> 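Structure in C-alpha cells, see below.
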4 protein chains.
Amino acid sequence: MSDKGKSAGKGRPRNAALDTAIATAVEQLLLTDGYSAVTIDRVATVAGTTRTALYRRFPSRVALIANALARHFGTDPAPDTGTLRGDLIELQRLQVEFFRAPIVAAGIAGLIGDLSGDPEWSALFHETFMAPRRRSTQAMFQRAVDRGEIPPFTHPSVVSDILTGPLLLHVMLPATGPLDDTLVVATVDAAMHLLSVDIHDA
Amino acid sequence: MSDKGKSAGKGRPRNAALDTAIATAVEQLLLTDGYSAVTIDRVATVAGTTRTALYRRFPSRVALIANALARHFGTDPAPDTGTLRGDLIELQRLQVEFFRAPIVAAGIAGLIGDLSGDPEWSALFHETFMAPRRRSTQAMFQRAVDRGEIPPFTHPSVVSDILTGPLLLHVMLPATGPLDDTLVVATVDAAMHLLSVDIHDA
Amino acid sequence: MSDKGKSAGKGRPRNAALDTAIATAVEQLLLTDGYSAVTIDRVATVAGTTRTALYRRFPSRVALIANALARHFGTDPAPDTGTLRGDLIELQRLQVEFFRAPIVAAGIAGLIGDLSGDPEWSALFHETFMAPRRRSTQAMFQRAVDRGEIPPFTHPSVVSDILTGPLLLHVMLPATGPLDDTLVVATVDAAMHLLSVDIHDA
Amino acid sequence: MSDKGKSAGKGRPRNAALDTAIATAVEQLLLTDGYSAVTIDRVATVAGTTRTALYRRFPSRVALIANALARHFGTDPAPDTGTLRGDLIELQRLQVEFFRAPIVAAGIAGLIGDLSGDPEWSALFHETFMAPRRRSTQAMFQRAVDRGEIPPFTHPSVVSDILTGPLLLHVMLPATGPLDDTLVVATVDAAMHLLSVDIHDA
DNA sequence: GTATAACCGAGACGGTACGTCAGGTCTTGAT
DNA sequence: ATCAAGACCTGACGTACCGTCTCGGTTATAC
C-alpha cells in the first residue's frame with residue numbers, strides 16, 4: 001500500500017525520521033480533526049516537511065491513509081485454540097481490536113468511501129485488510145471439519161460475512177451503538193450454528 | 001434530508017421540473033461516473049441549471065446524494081406474513097432490493113464515508129436509512145414472541161446487525177462478491193437461531 | 001436619474017414612506033460601510049422592503065446611488081453678485097459644499113467608476129451633475145463680458161475644468177488632503193487670470 | 001502594487017511568460033470590453049492560465065489592474081528645460097501622455113472607484129501614481145525660485161492640483177470632451193499665474 | 001360595486017464572479 | 001536520490017450579487 005523499502009543504496013538515503021513524522025501526523029490529524037482533515041498539505045505541515053516528500057513515499061492521499069491504518073492491522077497468526085468456538089472467539093477478539101482502534105474507527109469509513117468506484121484500489125484494500133483474515137478463517141473451518149466438529153460446509157464465505165459484517169456496520173455507523181462483547185458472542189453463536197447445519201436445511 | 005416541501009405559499013414557487021432534473025442528474029452521474037463525479041458543479045450542469053438552484057434545495061453535496069438514495073428507499077409496511085421466518089425472508093428481500101439498486105450500490109459507500117466524523121449528519125443518516133427498518137424488525141420479533149414462536153429476547157438489536165451488516169459489507173466492498181440469495185438465507189437462518197436460544201446460553 | 005413621479009392615478013399608489021426609507025438606507029450604507037456595501041439586497045434589507053420595490057423605482061444599482069447623490073446636489077440659482085470674482089467665489093462655495101457632503105464624498109468615486117465605459121450612463125451623469133453648473137458658469141462669464149469686466153473668451157469650458165477638476169481630484173483621492181478654502185481661492189484666482197488674458201497670449 | 005520580485009532563489013521560479021501573458025490579457029480586456037470586463041476569471045482565461053496563478057501574483061483585482069496601469073506610467077526624470085514655463089509644458093505633456101494612454105483612460109476611473117473607501121489602498125495608489133509627479137513638480141518650483149523666476153511660494157500643492165485636476169476630470173468624464181492641448185496651455189498658464197503672485201494677494 | 005391596474009412581500013431563477021482549498025505534477029538549488 | 005521550497009494546472013467549494021420572473025395579497029381609481 002506504500003512505496004516503503006525503496007532505498008537501493010545509490011543517492012541520498014531517505015530520512016527515516018520523516019517516515020515516522022508523517023505517520024504520526026496522519027494519525028494525529030485523523031484522530032483530532034477527522035478523515036476530511038487529512039490532506040496532503042496539512043499532513044506535510046504537521047509533519048514539518050513538504051508535499052514532495054509525501055508523494056515520494058505514497059502515490060496518493062488514499063495510499064497515505066491506508067498505510068496508516070495498515071500499521072494497526074495485527075499480523076497475529078491465525079488463532080488455533082483446539083476448538084472451533086475458541087478459534088472463533090479469538091478471531092472476533094482480534095477483529096474487534098482492529099475496528100476499535102481509534103485511528104481505524106476514524107478512518108475506515110472515509111477510506112472505503114474514497115475507494116468505492118475504483119475496482120483496482122478496492123481490490124487492493126480488500127486484499128490488504130479483509131482477505132488475510134478471511135483466509136485464516138477458512139483454514140480454521142477446515143481444521144474443525146478435520147476434527148469432526150462440523151460437517152463439510154459449502155459456503156464458508158457467508159460465515160465470514162456474518163462474522164465481519166456486523167462489526168463493520170457498527171464502526172461505520174456509530175449511531176448503531178458501541179462495538180461491544182455482546183456482538184462478539186452473538187456473531188460467534190450465529191457462525192457456529194451455520195457451520196453446524198447445512199444451510200439449505202435451515 | 002432535503003429542504004423540499006418548504007413553500008408556505010409565499011413567493012415564486014419552486015420549479016418542480018428542476019427538482020426532477022436534479023434528481024435525474026444525480027442518478028445519472030452516480031451510475032455512469034461514480035460517487036466522486038457527483039459534484040455540485042456537474043450536477044448543475046447536467047441538470048441544466050446553476051449551483052444556486054442546488055444550494056437552494058440542498059445544504060450540501062451529502063444532502064443532495066442522500067436525497068437521491070432516499071428516493072430508492074422503500075417505505076413498504078413492515079412485512080407480516082404470519083410466521084417469523086416468513087417475515088425475516090421478506091425483510092431481507094426488501095433490504096437486498098435497496099442495497100442492490102445501482103444508485104444505492106454506487107453511492108452508499110461514498111456517502112457513509114463523507115458522513116463519518118460528523119455525528120449530527122451521521123445520526124440523521126441512521127435515522128433515515130437504518131432506524132425505520134430496525135424498528136419494524138423489532139416489532140416483527142415482538143409479534144413472534146406474542147405468538148409463542150420464540151422466547152423473550154433481550155438483545156434484539158444484535159439480530160438486526162446480523163441481518164444488515166453482511167449486506168452492507170458486500171455493498172461496500174464489491175470484492176467480497178455479489179449480494180446473492182445465499183446471503184439472505186444464511187442471515188435469516190442465523191437470526192432465527194439467535195432468536196430461538198437465549199444468547200448467553202450459547 | 002430615477003423613475004419617480006410615475007403615479008398617473010390608476011392602480012395602488014406608491015408607498016411614499018418606502019421612498020424615504022430607501023433613500024435613508026442608501027445613505028446610511030454609503031456612509032457607514034462605503035460604496036461597495038450599497039447592494040440592492042442590503043439596501044432592501046436595511047429599508048425593510050424587498051428588491052422588487054427597489055427595481056420598481058430604479059432601473060439599476062447605479063441609478064439608485066446616483067439618485068441618492070442627486071438629492072444633495074443644490075439647485076440654487078446661478079449666483080449673481082454683480083462682480084465676476086464674487087460670482088466665482090460663490091460658485092466654488094457651492095461646488096465645495098456638494099463635494100464635501102459626506103454622501104457625495106463617499107459615493108462619487110465609485111459611481112463614476114461604475115459609469116465608466118458606458119457612454120450613455122456617463123453622458124447622463126454629466127448632464128445631471130456637471131452640465132447645469134457649467135451652463136450657469138458660462139452665463140456668469142457672459143455677464144462679465146457684458147459688463148466689460150473681461151474680454152470675450154473663446155474657450156470658456158477650460159475655465160470650468162480648472163474650477164471643478166481640482167475639487168474632484170481632492171474628493172476622489174483623499175490622500176491629496178482635505179478640500180479646503182485655499183483651493184477655492186486658488187482656483188478662482190486662476191480662473192480670473194485665464195479670463196482676463198487671451199489664452200494664446202499667455 | 002504587485003508581488004513581483006519575490007523569488008529568493010528557493011523553489012520553482014515564476015514563469016515569466018505568464019507574467020507577460022497576464023499583463024497582456026488585462027490590457028486587452030480593458031481596451032476591448034472595459035473595466036468591468038477585467039475579472040480574475042476572464043483574465044485567467046484569456047491569459048491561458050488559472051485563477052490560482054493570478055492570486056499568487058496579485059492579492060486582488062485592484063492590484064492586478066493597478067499594475068497594468070503602472071506599466072504605462074512613465075518614470076522619466078523630472079523635466080528641467082531651464083525655464084519654469086518650459087518645465088511645466090513638458091510636465092503636462094507627460095501627464096497627458098499618461099492619461100491619454102488607452103489603457104489608462106479605460107481603467108483609471110474604475111480603479112479609483114474601487115479604491116474609494118479603503119484608505120490603505122487609496123494611499124498606495126496615490127503614492128504610486130500621483131506622488132512621484134507631485135514631488136518632481138515641487139522640485140521644479142524650487143528651481144524656479146532659486147533662479148529668481150518666481151517668488152517663494154507657500155502653497156505649492158494647490159498648483160499641482162490645478163495642473164492635474166482638470167486632466168483627471170476629462171479622463172474620468174469623457175463627456176467633458178477630449179484631453180486636448182488647449183487644456184495643457186490653459187493649466188500651465190494658470191499655474192504660472194499662481195506662482196507669480198502670492199496667493200492671498202490675488 | 002366591481003373591474004382593472006399598480007403596488008407590496010416573498011422568494012425562485014439563471015448568471016457571473018468571488019476568494020479559498022485540495023490534488024497531483026514539475027522545477028529549482030542544495031545536501 | 002533526497003530534501004525544502006514553491007510554482008503550475010485542474011477543478012471544486014460555498015457565498016454574494018445582479019436583474020428577472022412569478023406568486024398571493026393589497027389598495028386605489030375608474031367604469
Side-chain angles (χ1 to χ4, degrees), chain A residues 6-15 18 36-44 48-62 64, chain B residues 6-18 36-44 48-57 59-61, chain C residues 6-15 18 36-44 48-62, chain D residues 6-16 18 36-44 48-57 59-61:
Chain A
K6 267 281 185 62
S7 68
K10 217 25 178 332
R12 172 174 172 176
R14 287 254 174 97
N15 182 350
L18 265 187
S36 64
V38 184
T39 67
I40 300 285
D41 269 292
R42 278 155 86 152
V43 170
T49 180
T50 56
R51 270 195 303 288
T52 318
L54 286 182
Y55 278 112
R56 206 171 290 119
R57 288 165 171 78
F58 306 96
S60 71
R61 193 181 83 115
V62 176
L64 172 66
Chain B
K6 266 279 187 66
S7 71
K10 297 271 204 149
R12 177 174 173 174
R14 289 259 171 92
N15 182 350
L18 258 188
S36 64
V38 184
T39 66
I40 302 282
D41 270 291
R42 280 163 71 154
V43 170
T49 182
T50 54
R51 262 195 303 290
T52 317
L54 287 183
Y55 280 113
R56 208 172 290 122
R57 288 167 169 78
S60 69
R61 198 176 80 115
Chain C
K6 265 283 186 62
S7 69
K10 207 51 178 312
R12 173 174 174 176
R14 288 258 172 93
N15 183 350
L18 264 187
S36 64
V38 184
T39 68
I40 300 286
D41 268 290
R42 278 156 86 152
V43 170
T49 181
T50 55
R51 269 193 305 287
T52 316
L54 286 182
Y55 279 111
R56 206 170 289 120
R57 287 165 170 79
F58 306 96
S60 69
R61 194 181 83 114
V62 176
Chain D
K6 267 280 187 64
S7 70
K10 297 271 207 147
R12 177 174 173 174
R14 289 260 171 92
N15 182 351
L18 259 187
S36 64
V38 184
T39 66
I40 301 283
D41 269 292
R42 277 157 81 152
V43 170
T49 180
T50 55
R51 263 194 305 288
T52 318
L54 287 183
Y55 280 114
R56 207 173 290 121
R57 288 167 170 76
S60 70
R61 199 176 80 114

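Treat the numbers as computed from the prediction; the structure is a model and nothing was measured. Heavy-atom basis, side chains included; hydrogens, waters and symmetry copies ignored. Order of the sequence lines sets the chain letters (A, B, ...), proteins ahead of strands, with each chain counted from 1.
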> Confirm from the modelled atom types if Arg12(D) and dC26(E) form a donor-acceptor pair under 3.5 Å, side chain to base only.
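Pair found.
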> Reckon Thr39(C) touches a base, only the sugar-phosphate, or nothing at all at heavy-atom distances under 4.0 Å?
sugar-phosphate
> For the residue pair Ser36(D) and Thr39(D), what are the closest heavy atoms and their distance?
O-CG2, 3.8 Å
> Does the side chain of Thr49(B) get closer than 4.0 angstrom to OP1 or OP2 of dG14(E) through an N or O atom?
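The answer is yes; a side-chain N or O of Thr49(B) sits under 4.0 Å from OP1 or OP2.
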> Find which nucleotide of DNA chain E each of Thr52(B) and Gly11(D) is nearest to by heavy atoms, and output the residue with the more 5' nucleotide.
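Looking at DNA chain E, the more 5' nearest nucleotide goes with Thr52(B).
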> Calculate the interatomic distance between Asn15(A) atom CG and dT2(F) atom P; express it in whole Å.
12 Å
> Which of the following nucleotides, dC7(E), dA10(E), dC3(F), is nearest to the side chain of Lys10(B)?
dA10(E)
> Nearest whole Å is fine: how far is dC3(F) P from Leu54(A) CG?
10 Å
> Side chains of Ile40(C) and Tyr55(C), heavy atoms from C-beta outward: is any pair under 4.5 Å?
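A side-chain contact exists here, since the closest heavy-atom pair is under 4.5 Å.
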> dG11(E), OP1 or OP2 - any side-chain N/O from Arg57(B) closer than 4.0 Å?
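No, Arg57(B) has no side-chain N/O under 4.0 Å of OP1/OP2 on dG11(E).
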> To check you understand the geometry: which heavy-atom pair defines the closest contact between Asn15(D) and Arg57(D), and what is its length?
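Residues Asn15(D) and Arg57(D), closest heavy atoms: O-NH2, 3.4 Å.
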> Distance check needed: dA22(E) C1' versus Tyr55(D) OH, whole Å only.
17 Å
> For Arg42(A) and Leu18(B), find the nucleotide of DNA chain E closest to each by heavy atoms; which residue's nucleotide sits nearer the 5' end?
Leu18(B)
> Arg56(B) and Arg14(B): which non-hydrogen atoms are nearest, and at how many Å?
O-NH2, 3.0 Å
> Hey, which sits more toward the 5' end of DNA chain F by its nearest nucleotide, Ala53(D) or Thr50(A)?
Thr50(A)
> Can you tell me if the side-chain N/O atoms of Arg56(B) get under 4.0 Å from OP1 or OP2 in dC13(E)?
yes
> Spell out, as yes or no, whether a donor-acceptor pair under 3.5 Å connects the side chain of Arg51(D) to the backbone of Ala44(D).
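Answer holds: no.
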> How do Ser36(C) and Gly48(A) order along DNA chain F: which one's closest nucleotide is nearer the 5' end?
Gly48(A)
> What is the distance, rounded to the nearest whole Å, between atom CZ of Phe58(C) and atom C1' of dC17(F)?
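Checked: the CZ to C1' distance equals 18 Å.
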> Asp41(C) has an atom CG; how far is it from atom P of dG11(E), in whole Å?
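Value for this atom pair: 13 Å.
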> What is the distance, to the nearest angstrom, from the CZ atom on Arg51(C) to the P atom on dC7(E)?
18 Å
> Under 4.0 Å between any heavy atoms, over every strand shown, what does Arg61(D) touch: base, sugar-phosphate, or nothing? Just pick one.
sugar-phosphate
